[in-house]
**Student:** 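Quick one: the structure is below, and I'll ask about it shortly.
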Amino acid sequence: MGSIYKSLLIIKSPIKSFIGFTESSISLLKHCTNHRLITQGQVIHTHLYKLGISSHRHIAVKLLIMYLDFKKSSEVDQLLKDYNTFDMIVHNCLISANVNWANVDEARKLFDEMPQRNEVSWTALISGYLKCGRVDESMELFRRNPFQNVISWTAAISGLLSNGMRLESLELFLEMLRDGVWPNNVTFVSVVRACTEMEELALGVSVVSLVVKLGFEEDVSVCNSLITFSLRLGEMDMASAIFKRMGKRDVISWTAILDMYVEMGDLREARKVFDEMPERNEVSWSAMISRYTQKGYSKDAIELFRQMIENRINPNSSCLSSAINALANLKLLQPGKTIHAHVTKIGLANDVFISSSLIDLYGSCGSPNDGRLVFDTVQNKNVVCWNTLISAYSSNGQHEEAKKLFDQIAVKSIGSWNSMVTGYLENEQYDKVFEVFNDMLLSGQTPDISTLSSVLCACANLTSLQKGKDIHGKTFKLGFQHNVFVGTSLVDMYAKSGDIENSKRVFNKMTEKNEVSWTAMIQGLAENGYAEESLELFQQMEKTTCIKPNELILLAILFACSHCGLVDKGLHYFNLMETVYKIKPNERHYTCVVDMLSRSGRVREAEDLIKSMPCEPEVNAWAALLSGCKTYGEDEIAERTAATIQELAEQKSGGYVLLSNVYASAGKWREVLKTRKLMKERGLKKSGGCSWIEVRNELHLFYAQDASGNELNEICGVLEQLKYHMLVLYEHN
DNA sequence: GGGGAATAGG
């Protein structure tokens, strides 16, 4: 960036004639075109005009290209007027400009008009057809091209590749070799990309030998594409070997190797490369920022984005969308809105990547309707925009809107289906999860890892073992049985359904286990009463892996100790939490310990703990304490605790529910009714309850809020009768 | 004047 301003100063300075001035002007104009520096380009134009050389043939062509690229039609018209010979070069410029604007038909008209054409005219049109997917027309032209050279071959090879015709492009490459045309560095770049996309390791290696034979092993671009090839095929050693023996490296080489460390899961090393890179451009910044976001380090991503702005690097659309994603993860609406405003200002509001990130941001921050506003302004919506808005609606419980959108999508992607599935899952509407899943299978869409994990999660929550087993079967059919996400979901599903044997079986067979997998198994064992095994597994995890215990694992451990009467062991782990594991116990951990102490009769200690808590105790903690008091006859503490619960009940709906449950368990039905009535009067609502039954492998769910009209009356009638019977029974006893 | 390599949303 700095160099262009210096060069501009030279032009402005009185030294107007030096050797190579024309060449300098041309490269400056090229620079302005490539970097979209329109104002600077115009300044240069004015100076060249004043110097009387703006109509110099080579300069005029560059000016024409620049204005064509900036779509400045009046300037283009003026130049064409000045440039009185409307020759082949001008024609070629106009053809390639039209190709860039996706006006290939206009380009064809110009091509047909030409009295004389050269290799450039042909190649421009051949690649023009390929760019808009009109392969047949392009190939027809390619076969008729009288000026076939390495460039037109390369154009066809890479064009076929970008149309997804990988095999055809490689066949064309072989044909080219048979024709006796030698590939150059650009050809190799395209061919290596074809091998990458086909994941053809052997073929790629033989291409490498050809690269060496023809002396391109020192070419930076070729090496860069070979690094990417190695990375995509998981050959990390090969990638770093190529990088190490490169005599010359550029930003792209460095960015590619940075990505290698990220792929290997070593973000710290990636950051080291990033910090040590001799040169960074917006793509390098963007790579680092987007990877931080993807791996869940949203705060680091935002921090890097801030530094980038401070360093006056212009963020590109990838960067902006990653930054917005990071903000969405952190639910930071206000800064997100600032970027939204900025994006609108610089004219990127229409970018599909940025727009879908914005939709996601508004959805994550609870404003799906603002996401809708963004959605409506996007001109070229793609399926991701649709899916993101669906997720935004459904994760905020607006299922009708989500469904309406979903039905409007003409060509649904796997993501569209998954958005619906995840939406219902998040809102605990498990029957809908199965409904969508069945529709999906009927439509012919194959589920992916995400779908199966979600559906298994629904099975786990419904403890529907039969359905879970069906899905387990499907994972084998689809070849996902070794996937870590699917495996973890299966472990969780079997554990939650009480089938601990199968849970263990799946866990032991898993080839890759992550933190979540271990958590699911440890938790599963603890909650199914296998406290000792759970503790053993925990110790095994600490010994054999480098996974650090998380909040949930420790909760499971405390739970296990509590239910097994291992009070001292439980207290031991509780004390290790902050000192060794560096995890601050939350209210749920405290509840567990309070419960543990109360159950074992150490009621006074339990009360002391609850009172010393740095966070607000859960109602459950008080309830555990109260039941401990009852068991061990600690009337004095019981009285205090009951008063506290009564007090809490005044503030929270959960308190009343708890209170009524406490009364219910004591058989005080009149008190229960009184509490319920009190809740109603105070406008407190119990959070939506849900129940279900499984009849002939079909799930039927009932929601508390679902019941309406006659159904509700019917249910209420039954309830009233039940209540009456209970009262009568109680009074008689 | 024509061909290409690194980053990117659900």
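Labels below follow one simple rule: chain letters A, B, ... track the order of the sequence lines, proteins then strands, and each chain is numbered from 1.
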**Student:** Reckon A:S121 touches a base, only the sugar-phosphate, or nothing at all at heavy-atom distances under 4.0 Å?
**Tutor:**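 Nothing, no heavy atom under 4.0 Å.
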
**Student:** Any pair with a residue in residues 370-392 of chain A that passes ring pair (Phe, Tyr, Trp, His ring centres under 6.0 Å), sequence neighbours left out, goes on the list, sorted by first then second residue, please.
**Tutor:** A:F375-A:W386

**Student:** Could you tell me whether the side chain of A:N184 has a donor or acceptor atom within less than 3.5 Å of a complementary atom in the base of B:dG3?
**Tutor:** yes

**Student:** Please work out if A:K381 contacts a base, only the sugar-phosphate, or nothing of the nucleic acid, heavy-atom cut-off 4.0 Å.
**Tutor:** nothing

**Student:** If you take the centroid of each ring, where Trp contributes its six-membered ring, are A:H91 and A:F111 closer together than 6.0 Å?
**Tutor:** no

**Student:** Pairs of donor and acceptor atoms involving the side chains of residues 156-163 of chain A, under 3.5 Å and at least two apart or interchain, shall be tabulated with distances.
**Tutor:**
from: A:S158; atom 1: OG; to: A:T154; atom 2: O; distance (Å): 3.4
from: A:S158; atom 1: OG; to: A:A155; atom 2: O; distance (Å): 3.4
from: A:S162; atom 1: OG; to: A:S158; atom 2: O; distance (Å): 3.2
from: A:S162; atom 1: OG; to: A:G159; atom 2: O; distance (Å): 3.0
from: A:N163; atom 1: ND2; to: A:L130; atom 2: O; distance (Å): 3.0
from: A:N163; atom 1: ND2; to: A:G159; atom 2: O; distance (Å): 2.9

**Student:** It should be established whether A:S158 places a side-chain nitrogen or oxygen under 4.0 Å from OP1 or OP2 of nucleotide B:dG4.
**Tutor:** yes

**Student:** Do the side chains of A:D259 and A:R291 get close enough for a salt bridge, i.e. N-O under 4.0 angstrom?
**Tutor:**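 Salt bridge: yes.
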
**Student:** Which is true for A:V150 with a 4.0 Å heavy-atom rule: it touches a base, it touches only sugar-phosphate, or it touches nothing?
**Tutor:**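 Since no nucleic acid heavy atom lies under 4.0 Å of A:V150, the category is nothing.
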
**Student:** Among A:F243, A:Y261, A:F274, which residue meets the ring pair (Phe, Tyr, Trp, His ring centres under 6.0 Å) test with A:W254?
**Tutor:**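 Going through the options one by one, the only one that passes is A:F243.
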
**Student:** Taking atom CE of A:M308 and atom OG of A:S284, what is their separation to the nearest 0.5 Å?
**Tutor:** 9.0 Å

**Student:** By the 4.0 Å heavy-atom rule, please label A:T388 as base, sugar-phosphate, or nothing.
**Tutor:** sugar-phosphate

**Student:** Taking only N and O in the side chain of A:Q294, is any of them less than 4.0 Å away from OP1 or OP2 of B:dT7?
**Tutor:**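 Answer is no, no contact under 4.0 Å.
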
**Student:** Scan residues 276-292 of chain A against DNA chain B and write down, sorted by residue number, each residue with any heavy atom closer than 4.0 Å; if none is found, say none.
**Tutor:**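 Heavy-atom cutoff 4.0 Å gives A:N281, A:V283, A:S286, A:A287, A:S290, A:R291.
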
**Student:** Checking all strands, does A:R117 fall into the base, sugar-phosphate, or nothing category for heavy-atom contacts under 4.0 angstrom?
**Tutor:** nothing

**Student:** Check this for me: does the side-chain of A:S356 come within 3.5 Å of the base of B:dG9 through a donor and an acceptor?
**Tutor:**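 Flag set: donor-acceptor pair detected.
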
**Student:** What's A:S221 touching, base or sugar-phosphate or nothing? Going by heavy atoms closer than 4.0 Å.
**Tutor:** base

